[in-house]
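Only one structure is covered here, and it is reproduced in the block below.
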2 protein chains.
Amino acid sequence: MTALADPTRRALIEGLRNGPLPVCDLARTVPVSRPAVSQHLRVLTDAGLLVVAQHGTRRLYSIAPDGVAELRAYLDHLWDDALTCFARTASQEAARTDAKSAPPPKGLRLNNVRH
Amino acid sequence: MTALADPTRRALIEGLRNGPLPVCDLARTVPVSRPAVSQHLRVLTDAGLLVVAQHGTRRLYSIAPDGVAELRAYLDHLWDDALTCFARTASQEAARTDAKSAPPPKGLRLNNVRH
DNA sequence: AAACTCTGTCAGTCATGACTTACCGTAAGT
DNA sequence: ACTTACGGTAAGTCATGACTGACAGAGTTT
């Protein structure tokens with residue numbers, strides 16, 4: 001997740017959406033030096049988001065579906081939890097305003113509930 | 001995406017998976033000071049990943065499904081592209097080794113194809 | 001109203017990491 | 001063999017941002 005934090009790294013990923021590319025071509029798509037690109041590619045590869053294939057002096061980088069799938073799964077679960085939690089909070093809200101026939105929450109009586 | 005880069009921020013998100021929580025409770029789940037938590041919560045809220053509900057002096061933070069959905073969509077598209085690209089590369093590989101009946105790639109003849 | 005709790009913000013420090021230049025190894029072309 | 005292209009690594013600089021303590025404002029309780 002930290003690997004996708006840097007905008008330059010995201011730009012490199014974007015550059016690889018259409019297919020594998022060698023470092024020299026990739027470096028031309030971002031406004032930083034080639035060594036910087038190498039360092040970013042290393043971070044992305046270590047994170048499992050890219051894979052490399054050596055062809056002569058060139059190294060073709062491409063997106064690793066498995067690595068992306070991992071992040072996807074994380075966000076999927078997070079999203080599920082957020083939705084169920086949202087639904088539960090909403091139903092509780094409805095039940096409460098139902099029972100007490102709409103007195104403004106105002107304080108919500110959860111102060112000083114130190115355990 | 002940068003919002004989820006920091007491990008402390010991810011820990012805060014994790015703490016909210018089970019439901020909304022005030023800052024003081026949230027701060028107890030991470031090994032940093034309360035002001036630091038406030039700052040992280042601001043970043044996450046600005047990123048659209050959290051929403052706040054004021055209840056008296058307390059501010060209940062909860063995960064915003066919409067914000068998570070946005071990241072999810074980004075990774076979904078990235079994953080799709082990676083898969084199709086992977087499939088295309090694989091089929092090209094197969095076609096090439098089919099046609100030339102398995103001579104080792106060794107160089108791949110894509111050097112000096114400067115446009 | 002006074003004391004207390006909850007929380008955001010400010011100023012300042014410090015560590016992380018993004019970037020550059022220089023260099024070296026490797027493979028391919030002449 | 002010599003040259004050139006490709007690309008990783010090292011050392012060093014610098015900016016970003018994560019963190020802390022101090023403070024202020026708003027709401028609650030007594």
Side-chain angles (χ1 to χ4, degrees), chain A residues 1-13 15-16 20-47 49-62 103-115, chain B residues 1-13 15-16 20-47 49-62 103-115:
Chain A
M1 190 67 74
T2 56
L4 283 180
D6 188 84
T8 302
R9 279 202 288 271
R10 283 200 299 274
L12 291 174
I13 290 269
L16 290 176
L21 241 49
V23 180
C24 56
D25 288 0
L26 221 36
R28 247 175 267 127
T29 68
V30 291
V32 299
S33 70
R34 191 198 46 75
V37 172
S38 270
Q39 289 167 5
H40 283 306
L41 291 176
R42 175 174 172 74
V43 171
L44 289 168
T45 306
D46 285 350
L49 292 172
L50 297 184
V51 289
V52 203
Q54 186 101 29
H55 289 294
T57 69
R58 302 205 165 177
R59 311 190 76 203
L60 290 177
Y61 282 88
S62 48
K106 197 204 173 198
L108 204 114
R109 275 325 73 172
L110 49 64
N111 285 334
N112 304 333
V113 285
R114 279 292 140 66
H115 33 37
Chain B
M1 190 67 74
T2 57
L4 283 181
D6 188 84
T8 302
R9 279 202 289 270
R10 282 200 299 275
L12 290 174
I13 290 270
L16 290 176
L21 241 48
V23 180
C24 56
D25 288 0
L26 221 36
R28 248 176 266 127
T29 68
V30 291
V32 299
S33 69
R34 194 201 41 78
V37 172
S38 270
Q39 290 167 5
H40 283 308
L41 292 176
R42 175 173 172 76
V43 171
L44 288 168
T45 306
D46 286 350
L49 291 172
L50 297 184
V51 289
V52 203
Q54 186 103 30
H55 289 294
T57 70
R58 302 203 165 178
R59 311 191 75 202
L60 290 177
Y61 283 89
S62 48
K106 198 208 174 195
L108 204 115
R109 271 329 68 169
L110 49 65
N111 285 335
N112 304 331
V113 285
R114 280 292 139 65
H115 33 37

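Not measured: the values here are computed from a predicted model. Order of the sequence lines sets the chain letters (A, B, ...), proteins ahead of strands, with each chain counted from 1.
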Donor-acceptor pair present, A/R34 side chain and D/dG8 base, under 3.5 Å:
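Such a pair exists between side chain and base.
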For [X] and [N], what is the distance between atoms [atom1] and [atom2] respectively, to the nearest whole Å?
X	N	atom1	atom2	result
A/R28	D/dA5	CZ	C1'	12 Å
A/Q54	D/dG7	CD	P	9 Å
B/L44	D/dA18	CG	P	10 Å
B/D46	D/dA18	CG	C1'	16 Å
B/L60	C/dG8	CG	P	11 Å
B/H55	C/dT5	NE2	C1'	17 Å
B/R59	D/dG27	CZ	P	12 Å

Quick one: pull up [atom1] in [X] and [atom2] in [Y] and give me the separation to the nearest 0.5 Å.
X	Y	atom1	atom2	result
B/L21	B/L26	CG	CG	5.5 Å
A/I13	A/L41	CD1	CG	9.0 Å
B/R9	B/L50	CZ	CG	10.5 Å

Taking only the side-chain heavy atoms of [X] (C-beta and beyond), determine which of [options] contains the nearest atom.
X	options	value
A/C24	D/dC19, C/dT9, D/dG7	D/dG7
A/S33	C/dT20, C/dT7, C/dA18	C/dT20
A/Q39	D/dC6, C/dT7, D/dA10	D/dA10

Examine [N]: is either OP1 or OP2 under 4.0 Å from a nitrogen or oxygen in the side chain of [X]? Give yes or no.
X	N	answer
B/T8	D/dC19	yes
B/Y61	C/dG8	yes
A/H40	C/dC19	yes
A/T57	C/dA27	no
A/R58	D/dC6	yes
A/R42	D/dG8	no

Give the C-alpha distance, both sets of side-chain angles, the deciding distance and a yes or no for side chain to side chain contact (heavy atoms under 4.5 Å, CB included) between A/R34 and A/S38.
CA-CA 6 Å; A/R34 191 198 46 75; A/S38 270; 3.8 Å; yes
Mapping A/P35 and A/R9 onto DNA chain C by nearest heavy atom, which one lands closer to the 5' end?
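Result of the comparison: A/R9.
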Judged by nearest nucleotide, the residue sitting upstream toward the 5' end of DNA chain C, B/L41 or A/V43, is B/L41
Report the C-alpha separation of A/L16 and A/S62 in whole Å, then their side-chain angles, then the decisive distance to 0.1 Å, and conclude whether the side chain to side chain contact (heavy atoms under 4.5 Å, CB included) test is met.
CA-CA 6 Å; A/L16 290 176; A/S62 48; 5.6 Å; no
